[in-house]
Number of protein chains: 2
Amino acid sequence: MATEEYHELRRGQVAEAVTRLIAVHGFDGVTVAKTAVEAGVSVGMVQHYFSTKDDMVRYAYTRVTERTVARMERRATELDRRHHSSIRHALTEGLAERLPLDDARRTEWRVSFAFAARAVDHPALATVRTSTESAIRSRLAEAIHNGKECGEVPDGADADAQAAGLLALVDGLGLHTYLDPSMTRLALSELDRALSAVFPGTCRENRPR
Amino acid sequence: MATEEYHELRRGQVAEAVTRLIAVHGFDGVTVAKTAVEAGVSVGMVQHYFSTKDDMVRYAYTRVTERTVARMERRATELDRRHHSSIRHALTEGLAERLPLDDARRTEWRVSFAFAARAVDHPALATVRTSTESAIRSRLAEAIHNGKECGEVPDGADADAQAAGLLALVDGLGLHTYLDPSMTRLALSELDRALSAVFPGTCRENRPR
DNA sequence: TTGCTTTCAATACGGCCATATTGTCAATGC
DNA sequence: GCATTGACAATATGGCCGTATTGAAAGCAA
């Protein structure tokens with residue numbers, strides 16, 4: 001194995017330990033020593049691969065956000081390409097991937113939220129967050145734009161504004177759903193309602209993307 | 001002055017120091033010692049009025065949320081009673097009070113968010129948060145119900161669901177606006193759009209509340 | 001006056017944390 | 001063969017934290 005590959009493997013091993021610790025004990029439960037134990041390695045080994053704790057945490061953050069975003073993208077693309085869903089439906093399902101709908105996603109949501117909250121006071125983490133979100137937002141705006149060309153979205157719509165609104169709604173619904181899992185169905189229906197408001201029409205033939 | 005009153009004054013003095021510290025240095029910047037310095041008192045004095053740090057923090061949290069909720073309520077009521085605004089408009093403005101629209105509200109938002117994030121891992125704080133939010137939600141649902149009787153809201157609307165959706169949207173918009181103040185106008189217009197979707201109609205005479 | 005309670009102030013204490021230091025051992029280069 | 005480097009492990013260090021302890025004033029009841 002290439003040494004570079006091995007290096008990334010080790011870093012990943014530590015990063016996964018960080019996310020597991022956050023999932024169980026919250027962000028405050030993450031210390032270098034505990035991470036080492038959780039990863040089954042020594043403190044010195046962690047230090048060897050991450051020069052500071054901040055470094056370690058930031059790496060873990062980028063990992064978990066990348067995983068979430070990739071899943072959203074995959075779900076939406078799958079519906080779009082394979083099942084020829086409407087853009088509205090593909091986006092609804094893609095965005096829903098971000099919600100804490102089952103135990104796995106609850107854990108992931110909790111970890112992401114813990115990171116996001118620290119990002120407010122922590123420029124290094126804030127960079128990760130803002131770049132990820134602006135990527136999602138432009139991806140959304142692009143889809144809305146495609147919706148116009150295809151007839152699902154009215155011509156006058158402000159794609160950027162609506163994209164921002166949708167993302168904000170999903171984040172808010174995620175928070176409320178996390179704190180009160182019993183409102184899961186309600187969150188999904190509100191998400192659906194919002195998407196229907198943005199995409200009130202039906203696709204004509206020969207739609208793009 | 002009654003001793004009870006004096007007691008509350010002291011506790012308030014400490015609580016305000018806590019919120020100031022969070023506003024400047026984030027939640028992690030709050031320690032008992034620093035709070036004492038910020039409040040201009042001794043550590044022993046803080047201990048005298050709060051048996052644990054948790055106690056101190058929880059008290060500060062209830063204070064800041066009460067302040068925010070009171071301002072929202074006041075603004076909505078003012079528009080409703082004094083200016084005879086539509087319910088839609090009163091609610092829009094009331095909910096907008098929760099957004100980080102200026103420096104003062106940015107600070108308040110940051111403090112509330114720091115608390116809310118800790119609440120995820122911290123049952124004592126979670127109680128404060130959930131009770132506050134369910135209060136706002138039922139207040140909102142009540143207003144939507146009134147909107148039905150008066151004609152602003154269609155009869156078939158699900159007041160509880162829409163209330164939850166609106167609150168989630170506001171929380172999400174707050175987060176995004178905080179991280180990127182340049183989207184303030186966009187957030188306001190999205191809020192307005194959402195309220196217009198819930199309250200599409202116009203009030204008949206003799207409306208309730 | 002005496003003694004008890006409240007209100008604080010100063011400081012001690014024990015623990016945990018991030019990081020630095022130091023050393024070991026194997027691989028690699030020459 | 002031998003110095004060098006990379007990959008760790010073990011432990012030391014210094015700092016900060018929450019809380020406990022101790023005690024000094026001050027008010028007040030008897």
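Hydrogens, waters and symmetry mates are skipped; everything else that's a heavy atom, side chains included, is used. Just so it is clear: chains get the letters A, B, ... in the order the sequence lines come, proteins before strands, and each one is counted from 1. Keep in mind it's a predicted model, so treat the numbers as computed, not measured.
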How many Å lie between [atom1] on [X] and [atom2] on [N], as a whole number?
| X | N | atom1 | atom2 | result |
| --- | --- | --- | --- | --- |
| F50(B) | dA20(D) | CZ | P | 16 Å |
| M45(A) | dT22(C) | CE | C1' | 19 Å |
| H48(A) | dT21(C) | NE2 | P | 17 Å |
| Y6(B) | dT5(C) | OH | P | 20 Å |
| L9(B) | dT7(C) | CG | P | 13 Å |
| H25(B) | dC16(D) | NE2 | C1' | 15 Å |
| F27(A) | dA18(C) | CZ | P | 10 Å |
| K53(A) | dT19(C) | NZ | P | 8 Å |

Whether K34(B) contacts dC16(D) is assessed here as follows: a side-chain N or O lying under 4.0 Å from the phosphate OP1 or OP2. Is that the case?
no
Could you tell me whether the side chain of Q47(A) has a donor or acceptor atom within less than 3.5 Å of a complementary atom in the base of dA20(C)?
yes
Would you mind telling me which residue lines up with the more 5' stretch of DNA chain C, R10(B) or V43(B), judged by nearest nucleotide?
R10(B)
Rounded to the nearest 0.5 Å, what separation is found between the CZ atom of R75(A) and the OG1 atom of T92(A)?
10.5 Å
T31(A) side chain: which of dA18(C), dG18(D), dA9(D) is closest?
dA18(C)
Carefully, step by step, assess R118(B) and D28(A) under the rule side-chain contact (heavy atoms from CB on, under 4.5 Å).
CA-CA 9 Å; R118(B) 286 337 189 266; D28(A) 290 334; 4.1 Å; yes
Please confirm whether the backbone N or O of A17(A) pairs with a side-chain atom of T35(A), one donor and one acceptor, at under 3.5 Å?
no
Main-chain N/O of T31(A) paired to K53(A) side chain as donor or acceptor, under 3.5 Å
no
